Amino acid sequence: MNKARNSAEIELTNTMKVFSDTQGVEIKIKADVQSILSPKQFYVQLELEGPEHFDSGKIELYAKDETVYIKASESEINDNWRKGSYGDILFEPIIDRVNTEKYNQFLTSVEKDLELKEIENAYEISYVKEKIDFNTILDIFTSINISGKDFREDDVKDTNVDKIDLKYIIDKDTYETKNIKFELSLSQKSEPSNKAIITNDTLYKNFNKLTEIKIPEDVIKNAMSY
C-alpha cells in the first residue's frame with residue numbers, strides 16, 4: 001500500500017477518555033514529528049493535556065547520532081535543554097508511524113470486511129467492527145501508543161473491544177498514506193462499567209523529502225547531560 005519510506009512529517013492527535021458510572025478523565029497528546037529512518041534522526045514537539053493531577057506540559061526533543069536533546073516546559077527541569085544517549089525503544093514508535101506497516105498487515109488480514117469509497121482526491125478504506133478479540137489488534141494498538149510500550153496478551157486479558165472504527169486514507173494518484181483515523185471503544189471484563197474511548201488522528205506529508213534534521217547550535221551548546 002505504500003512505497004519504501006525513509007522520511008516523513010507527521011501530525012498526530014491521541015486522546016484517551018476513561019470513565020465509569022461516577023467519574024471520568026480525558027488525556028490528550030498532540031505531536032508534530034519530523035523523522036528520518038536512516039540514519040536515525042528525528043524531531044518531536046509534543047503537548048500533553050490532562051486533569052489537574054496529570055503532568056501536563058510541552059516537550060521538545062531532537063535525536064541524532066545516538067544523542068537525544070530534550071526540553072520539557074512546565075516541569076521539574078525548568079525549561080532547560082538536557083542531553084543523553086538513547087536506545088532503539090525511543091525510536092521504534094517513530095518507525096511504526098512512518099512505515100504504517102502494522103496497519104497494512106492488519107488491513108490485509110481483514111480484507112473481506114473492508115469498505116472502499118472515493119473522497120475528493122483520495123480513497124478511504126474503512127473497517128468498522130463490534131465485539132472483536134483485542135489480540136487481533138495488538139500490533140496497531142501498540143503503534144498508536146506514543147510511549148512505545150509493546151503490548152502483550154497479558155496486558156489486555158481483562159479488556160473487551162466493544163467497537164473499532166478505522167479509516168485509512170490514501171492519495172488517489174500516488175497511493176501514499178494521507179491520514180489514519182482510529183477510534184477504539186473498550187470496557188473492562190471484570191468491571192463492565194469501567195470504559196475507555198481511545199482515538200488517534202495521524203496526518204502524513206512530505207514522504208522522503210527530508211534529508212537531515214538540523215539541531216540548533218544553541219541547543220547543542222547549552223544542553224546539560226542528565
Side-chain angles (χ1 to χ4, degrees), residues 9-33 35 42-61 70-77 79 89-90 92-94 96-97 100 102-103 106 124 126-169 177-205:
E9 295 180 47
I10 301 169
E11 298 176 12
L12 65 92
T13 303
N14 283 0
T15 62
M16 181 172 67
K17 300 177 183 178
V18 181
F19 52 95
S20 64
D21 291 336
T22 57
Q23 61 183 349
V25 297
E26 179 176 349
I27 296 170
K28 180 180 289 186
I29 300 174
K30 296 181 179 180
D32 291 324
V33 180
S35 178
F42 62 90
Y43 169 73
V44 177
Q45 192 172 43
L46 191 72
E47 184 174 354
L48 308 173
E49 299 175 9
E52 285 187 21
H53 62 276
F54 185 75
D55 190 16
S56 299
K58 297 180 180 179
I59 297 173
E60 198 171 356
L61 185 151
I70 185 169
K71 180 176 72 171
S73 302
E74 303 173 18
S75 76
E76 70 278 1
I77 64 175
D79 212 21
I89 191 171
L90 181 67
E92 285 172 359
I94 303 294
D96 284 341
R97 295 281 184 177
T100 67
K102 289 181 179 179
Y103 280 102
F106 174 74
E124 179 185 275
S126 61
Y127 175 75
V128 181
K129 201 80 170 178
E130 296 183 354
K131 305 298 182 184
I132 68 169
D133 185 350
F134 207 140
N135 294 322
T136 65
I137 61 167
L138 273 180
D139 281 347
I140 59 172
F141 184 71
T142 296
S143 75
I144 69 167
N145 176 51
I146 202 162
S147 72
K149 176 177 171 58
D150 189 9
F151 284 86
R152 305 294 185 186
E153 291 185 15
D154 284 348
D155 297 319
V156 298
K157 62 184 180 182
D158 193 33
T159 305
N160 286 318
V161 177
D162 298 324
K163 185 177 181 180
I164 178 175
D165 188 339
L166 172 62
K167 291 179 172 57
Y168 191 111
I169 300 169
T177 309
K178 296 182 67 174
N179 188 200
I180 297 176
K181 297 181 179 182
F182 183 98
E183 182 173 306
L184 197 62
S185 299
L186 307 173
S187 61
Q188 188 176 0
K189 292 179 181 178
S190 58
E191 192 62 54
S193 64
N194 293 334
K195 299 179 182 294
I197 298 176
I198 298 171
T199 64
N200 170 261
D201 189 349
T202 306
L203 295 170
Y204 294 85
K205 60 183 179 180

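All figures in this text were calculated on a predicted structure; none of them were measured in a lab. Counting from 1, the numbers follow the sequence of the chain as shown.
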Contacts of [X] that satisfy side chain to side chain contact (heavy atoms under 4.5 Å, CB included) - sequence neighbours left out:
X: Q23; answer: S20
X: T15; answer: T13, E26, K28, T199
X: K167; answer: E124, S126, D165, K181
X: K189; answer: D158, N160

Excluding sequence neighbours, so at least two apart, what forms salt bridge (charged side-chain N to carboxylate O under 4.0 Å, His left out) with [X]?
X: K205; answer: E11
X: E60; answer: K71
X: K129; answer: D113
X: D32; answer: none

request  = Might you point out which heavy atoms bring S187 and P192 nearest each other, and give the distance in Å?
outcome  =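 Taking every non-hydrogen atom into account, CB-O, 4.0 Å.
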
State the [atom1]-[atom2] distance between [X] and [Y], to the nearest 0.5 angstrom.
X: I137; Y: L166; atom1: CD1; atom2: CG; value: 9.5 Å
X: I132; Y: D162; atom1: CD1; atom2: CG; value: 10.5 Å
X: L61; Y: Q45; atom1: CG; atom2: CD; value: 11.0 Å
X: Q188; Y: K195; atom1: CD; atom2: NZ; value: 10.5 Å
X: F106; Y: T136; atom1: CZ; atom2: OG1; value: 5.5 Å
X: T202; Y: F182; atom1: OG1; atom2: CZ; value: 10.5 Å

key: Exam field: side chain N14 to backbone D201, donor-acceptor pair closer than 3.5 Å   =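 Here the side-chain-to-backbone pair does not exist.
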
message = Under a plain distance cut-off of 3.5 Å, with no hydrogens placed, do Y168 and T100 share a side-chain donor-acceptor pair?
response =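 Distance-only check passes for T100 and Y168.
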
Measure the shortest side-chain to side-chain distance between [X] and [Y] over non-hydrogen atoms and say whether it is less than 4.5 angstrom.
X: I10; Y: F42; answer: no
X: L186; Y: V161; answer: yes
X: I70; Y: I59; answer: yes

ask   = Can you list the residues that meet the side-chain hydrogen bond (donor to acceptor under 3.5 Å, both in side chains) rule with K178, with sequence neighbours excluded?
value =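 Partners of K178 by the side-chain hydrogen bond (donor to acceptor under 3.5 Å, both in side chains) criterion come out as none, since no residue qualifies.
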
key: S185: partners by side-chain hydrogen bond (donor to acceptor under 3.5 Å, both in side chains), with sequence neighbours left out   =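 Applying side-chain hydrogen bond (donor to acceptor under 3.5 Å, both in side chains) to S185 gives none.
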
